[in-house]
Every structure is written in structure tokens, then in C-alpha cells.
Amino acid sequence: MASKRGLLSASASQRGRAGGGSRLPVILVIFFLFLSPVIFVFSRTLRGADLEIISSGSVQQDVGWRERIALQQIKSLFSKEVIDVIAASTNDMGPYSLDHFRKSNMSASWKIDALETTVDAISEKNQVVVDIGKEIHDSKEVKNADDVSQFMDSPAKRSRRQLREKKREKRAAQLLQQDDDLLIKLENAAIERSKSVDTSVLGKYSIWRKENENENSDSTVRLMRDQMIMARAYLGIAKMKNKLDLHHELQIRLKEIQRALGEASTDADLHRSAPDKIKSMGQILSKAKEQLYDCKLITGKLRAMLQSADEEVRGLKKQSTFLSQLAAKTIPNGIHCLSLRLTIDYHLLPPEKRKFPRSENLENPDLYHYALFSDNVLAASVVVNSTIVNAKDPSKHVFHLVTDKLNFGAMNMWFLSNPPGKATIQVENVDEFKWLNSSYCPVLRQLESAAMKEYYFKAGHPTTLSSGASNLKYRNPKYLSMLNHLRFYLPQVYPKLEKILFLDDDIVVQKDLSGLWDVDLNGKVNGAVETCGESFHRFDKYLNFSNPHIARKFDPNACGWAYGMNMFDLKEWKKRDITGIYHMWQSLNEERLLWKLGTLPPGLITFYGLTHPLDKSWHVLGLGYNPSIDRSEIDNAAVIHYNGNMKPWLELAMTKYRGYWSKYVKYNHPYLRQCKLNE
């Protein structure tokens with residue numbers, strides 16, 4: 001085959017040299033078709049585009065090795081006349097000619113794209129030319145192979161190839177690493193979001209439940225609910241248009257699908273008859289659509305149903321708020337039982353056994369003194385127990401408890417039967433403070449007034465659950481108790497003390513608190529943790545700034561602070577007459593025009609400009625209402641505070657926070673077992 005092709009080429013070249021013969025155009029066409037890459041390369045050589053042929057016919061050193069082989073073969077194939085014809089024919093190649101690319105006004109990008117396309121095509125066909133050349137000139141095969149090896153295996157080319165391969169590998173590794181990092185970030189974000197889901201607040205829902213693995217796990221339930229909505233809409237229209245038979249049938253199907261749905265929230269909970277009921281309801285709805293459908297009527301009916309449902313939801317929310325407030329203010333049966341049993345046993349004790357030891361420590365200013373005012377025996381026991389357990393030296397801690405006469409016996413009996421180790425304890429009855437009377441205390445005077453009794457016990461009381469929800473918070477029984485307002489009379493209750501740490505009964509101590517006595521208050525009276533964040537817990541949230549008394553004296557954006565753990569300097573208190581300031585503002589608020597009831601608003605006013613901010617790690621708040629407090633923040637806190645409605649001793653408590661409180665409760669104590677107080 002190779003010899004035949006060689007003969008054909010030789011014959012063609014001889015006829016080309018003769019310059020004549022009628023078969024020359026045919027032969028030229030054949031060569032042009034099969035050897036077009038060679039022709040293009042040769043034309044470039046003749047025209048001096050990228051390669052230049054010197055007068056001796058030699059090629060410059062920068063010519064590609066494939067083109068050099070092709071040129072060597074071309075010289076032996078064609079005569080000068082044939083070469084001239086081929087060169088002339090390339091002038092008419094249009095957009096593929098070299099002159100066209102040089103002279104055209106096309107954009108650079110078009111030139112580059114066209115050239116790259118042409119060069120790629122030539123590169124693919126050059127190998128064919130090399131093979132033809134090898135078949136024709138077997139004698140030159142070894143020499144050509146040597147030339148190829150010389151160009152293919154050049155060190156510069158090999159190094160460039162290796163460098164490109166390394167770059168590609170490096171880039172691929174970088175892309176894989178970026179994908180891995182992105183996946184890790186997405187997984188971590190999903191995990192963090194899952195931590196904020198609290199089952200006690202959001203019901204039984206959890207993103208890890210099996211029925212939630214399928215995002216359409218309730219598709220049938222939702223279909224049934226949609227059918228019920230449309231059935232109710234058509235019921236009204238059927239009655240309006242006197243379609244009594246259809247109305248009756250719709251009622252029957254509606255009752256059936258309601259029974260099939262029941263309390264189901266997912267498809268797995270549905271009764272097995274649900275598919276049949278859905279089918280029957282679909283048929284009657286299709287019939288109703290044919291007979292009753294009117295766009296305007298349907299739209300109006302659905303709008304009326306939506307408004308009715310919205311009003312119902314608002315009413316249920318008010319009822320829920322009322323009931324949660326009511327539940328938060330009631331005493332569980334177990335705690336009530338505990339108080340009664342302790343009181344009975346206390347009165348059975350002989351008088352000589354009703355006294356606490358180490359009474360000489362009660363007025364020693366060198367010890368660490370705590371003030372705790374509470375009528376909840378179990379809560380007070382947790383405060384004392386958690387403080388003693390975490391104290392470095394319990395013998396230096398003195399607890400001053402004040403309760404009301406109803407719980408005085410129970411509080412005494414608990415700590416007599418459960419002494420706080422080496423710590424000192426004192427229990428007093430607020431009703432025995434004879435100096436605390438209505439002539440001295442504005443709050444007592446207001447509580448005894450007819451207007452306050454009217455507010456609490458008579459006029460304006462709600463007749464329904466929903467109507468009373470908004471005001472129930474301010475009708476809390478604690479506002480009627482002087483235990484809540486006794487915090488404004490600390491120097492009168494403890495006249496010989498210089499510093500005292502005030503604690504609420506809904507806190508848990510997790511670290512030694514003796515360091516608070518070393519905190520320099522910088523001449524301020526109150527040391528407290530500030531609670532403002534952005535627009536929350538600032539003065540305008542507690543006080544009525546439309547009143548001129550408030551607007552003139554205070555900054556609405558001033559930062560609030562928290563009761564619950566407060567260090568009071570009683571020497572500065574007396575010097576600045578804090579109790580007198582409190583009395584003045586309390587008298588001005590007799591009509592409750594400056595603030596609603598409570599102790600925090602008058603506290604903010606009384607200690608305005610006299611509060612030293614403590615580090616937030618001393619006192620972490622919100623465990624009684626906020627389900628998304630960071631776990632590390634709680635663990636690192638010296639005191640955690642269950643402020644809010646969800647107190648840890650109530651069933652309302654959030655389960656994720658209850659453990660911090662319950663570990664200080666002695667559930668194995670006989671009194672607690674008798675009253676069925678369990679974890």
C-alpha cells in the first residue's frame with residue numbers, strides 16, 4: 001500500500017514539473033483534500049507567517065518538529081509549479097488565510113478563537129502527514145524518529161509539563177479542601193441550631209424524631225384539614241342556596257373525617273379508615289364544587305373563617321397567659337404539705353430547743369452576711385445549701401432569713417433539723433418588726449387604702465380568663481407582702497452591719513461568693529449585674545416617661561440592672577438616705593402613674609447613679625423564661641437566677657435547667673418523702 005501511494009505521488013510530481021496534462025487539477029484536488037494540513041503549513045512557510053524559509057531552503061530552529069518533517073517530505077513530492085499553485089490557492093481561503101487574520105478588523109478574541117481552532121485541527125492532522133512521510137521515505141525513518149525524540153524529550157518541555165501537572169493537582173486538592181470545610185461548617189451550624197430546641201417549651205417537637213425525618217410525614221393530615229376547611233365553606237353556601245340534601249351530606253362527611261383525624265399530628269397517627277374518608281370527602285367536595293362554586297362567595301366565606309380563627313387564637317393566647325401566670329403564683333401541694341408538717345413539729349418542740357447556735361456571729365461585721373426574704377421553705381433551703389456547699393470556709397458565712405408569720409415555724413423547724421454545717425443562721429418574722437407600720441412606710445399605707453383594696457379585690461376584676469390576663473401580673477400576691485419591699489429597709493433591719501449580700505429565693509449559688517466582699521463599689525451603694533442589651537431592660541421599659549416627674553429626672557436609655565444578687569454598702573446607704581429617697585418616690589406613685597407595681601422600678605429610681613456594675617459572670621439571669629441560654633455561660637456563673645414564671649419547683653420549669661436546682665434538694669429527707677416531693 002505504501003509503495004502504491006509512493007508511485008502515485010511520484011507520478012503526480014512528474015506531471016506537475018511538466019506543467020501540463022489534463023489530469024493535473026484532479027490530482028491537485030486529491031492532494032488538497034488529503035494533505036490540506038501540509039498545504040496550510042507549507043503556505044505559511046512560503047508566506048513567512050510564523051516560519052521563514054531561508055534562500056537555501058533551511059528552516060529556523062524555532063519551527064515545530066512536525067512541521068519540519070512535513071516540509072522535508074513536501075520538497076520531494078512537488079515541483080516548483082505545483083508549489084506555486086498551492087500557495088496561490090491559499091490566498092482564497094477566506095477567514096482561514098493568514099493574510100485575513102493579519103488584515104481583518106475582527107476583534108482580538110475572534111482572531112484568537114479562530115487561530116486556536118485552526119491550529120488544533122492542524123495539530124490533529126499533522127500526525128497523519130508524518131505517517132505518510134514515513135511510508136514514502138522508509139530510509140529517513142530513523143533520522144526523523146531521532147528528531148522527534150529530540151523535541152519531545154527536551155528538558156524544558158518536560159519541566160513545563162511537570163509544573164502544569166503539579167499546579168493542577170494543587171488546585172484540585174484546594175477545591176476538595178474547600179468542599180470539606182464547607183460541609184463541616186454546615187454540619188456544625190445544624191448541630192448548634194438543634195441545641196436551641198427545648199422540648200419543655202416547644203412541646204414534643206424535636207428535629208431528631210423519626211417522624212420528622214420525612215419532611216412530608218404529615219401530608220395526609222394536612223390534606224384532611226384542608227378538606228374540612230372547604231367542607232365548612234360549602235356548608236354555609238349550601239344552606240344559603242337551599243341545597244339541603246347537599247348540606248346534610250356535607251355535614252355527615254365532615255363528622256366522619258373529623259373522627260378519622262382525631263388528635264393525629266402525623267400520618268402515622270391516623271386511623272386506618274382515613275383513606276376511605278378522604279376519598280368520600282373528595283367526592284362530595286367535587287359535587288359541591290359543581291353545584292355551588294362561586295368565586296366571590298367562596299372568597300368571602302374563607303375570609304370570614306380566617307377572621308374567626310384569628311380571634312379564637314387571640315383568646316386562647318390570653319387564656320394561656322392567664323393560666324401560666326396563675327400557675328406560677330400558686331404553691332404546689334407538696335410544698336404546702338411540707339410547710340404544714342414542719343409548722344406542727346416546730347410547735348411541738350420545747351422552747352429551749354427552738355434556738356440556733358452561734359448567735360454571737362449575727363452582728364460580727366468581719367463575717368460574710370446574707371439577707372434572704374422568703375415564704376418558700378424548699379426554695380430557701382436550696383439557697384442556703386448551695387451557698388454552704390460551694391463556700392471555701394462555711395464558718396464565716398451568716399444567713400439572715402426573714403419570713404412571714406404563716407411560715408415562721410416551718411422555716412425554723414427546717415433549719416433546726418437540717419443545720420447548715422458550721423455556718424450561722426437566723427430566722428425572723430417580718431410581722432414582729434414593730435417599726436414597720438403604715439405611718440412610716442408608704443407601701444403599707446397604700447396597701448391599706450380603699451383604692452388599693454378596690455384594685456385588688458373588687459372593681460375591675462375579670463369575669464373571664466382571657467379578659468384578666470393582662471393585669472394578673474400586677475395583681476400578684478407578693479406585691480401585697482412586705483417581704484417583697486423589705487429590701488429597701490436593710491439598714492433598719494441590720495443596723496450594726498456594714499455590708500450585706502441580698503439574695504432572692506429563686507437563685508442557686510455555684511461558686512464561693514466571698515470575693516464579692518472584696519469588690520470596690522467606688523462609693524456606690526448597690527453592686528449589681530446590668531441587664532440591658534440593645535433596647536432591652538432599659539429605664540423606658542419600666543417607667544412612664546410621659547410623666548414629667550420621670551422625664552425630668554431620668555434617662556430613658558439608662559441601663560437597668562437585676563435584683564436577685566446585690567451587694568449593698570450599708571454605710572453609704574445611711575449616708576445618702578436611700579430609704580428616704582425610696583419613700584419620696586413611693587409616695588408620688590400612689591396612683592400608680594409613674595410605674596406599675598413591683599420592686600424593680602422603684603429600685604431603679606432609688607439607686608439611680610448609685611449602682612456599681614458587677615461582672616456578668618457573678619449573676620446569670622433568665623432560667624425562668626429563656627430556653628436558649630448558653631450552657632457554658634450557666635456553668636461558669638457564680639449565681640444562676642430562675643427569674644420568670646418557670647420556677648424550678650413548679651411543673652412549669654424547663655427540664656434542661658431544673659437539674660441545677662434539684663441537686664441541692666434533699667429528696668431522701670423524711671419530710672419530703674411524706675409530702676411526695678420527688679425529682
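One is the number of the first residue; the rest follow in order along the sequence.
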Under 3.5 Å, is there a donor-acceptor pair between the side chain of [X] and the main chain of [Y]?
| X | Y | value |
| --- | --- | --- |
| T606 | G603 | no |
| Q510 | I634 | yes |
| Y542 | G560 | no |
| E530 | W561 | no |
| N636 | S632 | yes |
| S386 | V383 | yes |
| N544 | L593 | yes |
| T579 | F488 | yes |
| D577 | G580 | yes |
| R445 | S438 | yes |

May I ask you to test the [X]-[Y] pair for a side-chain heavy-atom distance under 4.5 Å?
| X | Y | answer |
| --- | --- | --- |
| L543 | I605 | yes |
| L513 | V509 | yes |
| V508 | Y642 | yes |
| Q426 | L401 | no |
| F399 | L372 | no |
| V382 | I507 | no |
| H369 | L367 | yes |
| K496 | P365 | no |

Are more than 12 heavy atoms from other residues, nucleotides or ligands located less than 6.0 Å from atom [atom1] of [X]?
| X | atom1 | value |
| --- | --- | --- |
| E263 | CD | no |
| K396 | NZ | no |
| E312 | CD | no |
| K616 | NZ | yes |

Once you round to the nearest 0.5 Å, how far does [atom1] of [X] lie from [atom2] of [Y]?
| X | Y | atom1 | atom2 | result |
| --- | --- | --- | --- | --- |
| R673 | K666 | CZ | NZ | 13.0 Å |
| L650 | R658 | CG | CZ | 8.0 Å |
| H397 | D512 | NE2 | CG | 5.0 Å |
| L340 | T343 | CG | OG1 | 6.5 Å |
| M565 | Y370 | CE | OH | 10.5 Å |
| F607 | K524 | CZ | NZ | 13.0 Å |

Shortest non-hydrogen contact between [X] and [Y], atoms and distance:
| X | Y | value |
| --- | --- | --- |
| I335 | L677 | N-CD2, 4.0 Å |
| G564 | N566 | N-OD1, 3.1 Å |
| D505 | A379 | O-CB, 3.3 Å |
| D267 | V221 | OD1-N, 3.1 Å |
| V620 | L623 | O-CD1, 4.1 Å |
| P442 | Y489 | CD-OH, 4.2 Å |

Is the distance between the ring centroids of [Y] and [X] under 6.0 Å?
| X | Y | answer |
| --- | --- | --- |
| F502 | H400 | no |
| W517 | Y368 | yes |
| Y608 | F539 | yes |
| H583 | Y440 | yes |

Got a salt bridge between D431 and K405, using NZ or NE/NH1/NH2 to carboxylate O under 4.0 Å?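 Not counted as a salt bridge, because no side-chain N and carboxylate O are separated by less than 4.0 Å.
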Looking at R487 and D504, is there a salt bridge between them, counting it only when a charged N and a carboxylate O are closer than 4.0 Å? yes
Residues forming a side chain to side chain contact (heavy atoms under 4.5 Å, CB included) with P491, sequence neighbours excluded: L570, W573, K574
Under the ring pair (Phe, Tyr, Trp, His ring centres under 6.0 Å) test, which residues partner F433, sequence neighbours left out?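 Partners of F433 by the ring pair (Phe, Tyr, Trp, His ring centres under 6.0 Å) criterion, ordered by chain and then number, come out as W435.
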Can you list everything that forms a ring pair (Phe, Tyr, Trp, His ring centres under 6.0 Å) with Y660? Sequence neighbours excluded, please. none
Under 3.5 Å side-chain donor-acceptor pair for [X] and [Y]:
| X | Y | value |
| --- | --- | --- |
| N364 | N361 | no |
| D375 | T403 | no |
| Y671 | D345 | yes |
| N390 | Y664 | yes |
| S374 | N376 | no |

Holding to side chain to side chain donor-acceptor pair (under 3.5 Å), I want the full list of residues that pass it with N418, two or more places apart in sequence or in another chain. H669
With V519, which of K499, H612, M567 fulfils side-chain contact (heavy atoms from CB on, under 4.5 Å)?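 For V519, the side-chain contact (heavy atoms from CB on, under 4.5 Å) test succeeds with only one of K499, H612, M567, which is H612.
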D569 meets the salt bridge (charged side-chain N to carboxylate O under 4.0 Å, His left out) criterion, sequence neighbours left out, with none
Could you go through W595 and L600, starting from their C-alpha distance and side-chain angles, then the distance that decides it, and tell me whether this counts as side-chain contact (heavy atoms from CB on, under 4.5 Å)? CA-CA 10 Å; W595 68 85; L600 182 56; over 6 Å; no
I would like to know whether I578 and Y582 meet side-chain contact (heavy atoms from CB on, under 4.5 Å); could you show each step before the answer? CA-CA 6 Å; I578 297 300; Y582 164 71; 5.6 Å; no
Please lay out, stage by stage, how N626 and S628 fare under the test side chain to side chain donor-acceptor pair (under 3.5 Å). CA-CA 6 Å; N626 185 2; S628 58; 2.9 Å; yes
Report the C-alpha distance between L416 and F356 in whole Å, list the side-chain angles of each, state the deciding distance to 0.1 Å, and finish with yes or no for side-chain contact (heavy atoms from CB on, under 4.5 Å). CA-CA 7 Å; L416 286 170; F356 292 98; 3.7 Å; yes
Residue pairs passing the disulfide bond (SG atoms under 2.5 Å apart) test where at least one lies in residues 598-679, sequence neighbours excluded: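 Those involving residues 598-679 are C337-C675.
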List the steps and the verdict of side-chain contact (heavy atoms from CB on, under 4.5 Å) for W649 and W661. CA-CA 9 Å; W649 54 84; W661 184 84; 3.7 Å; yes
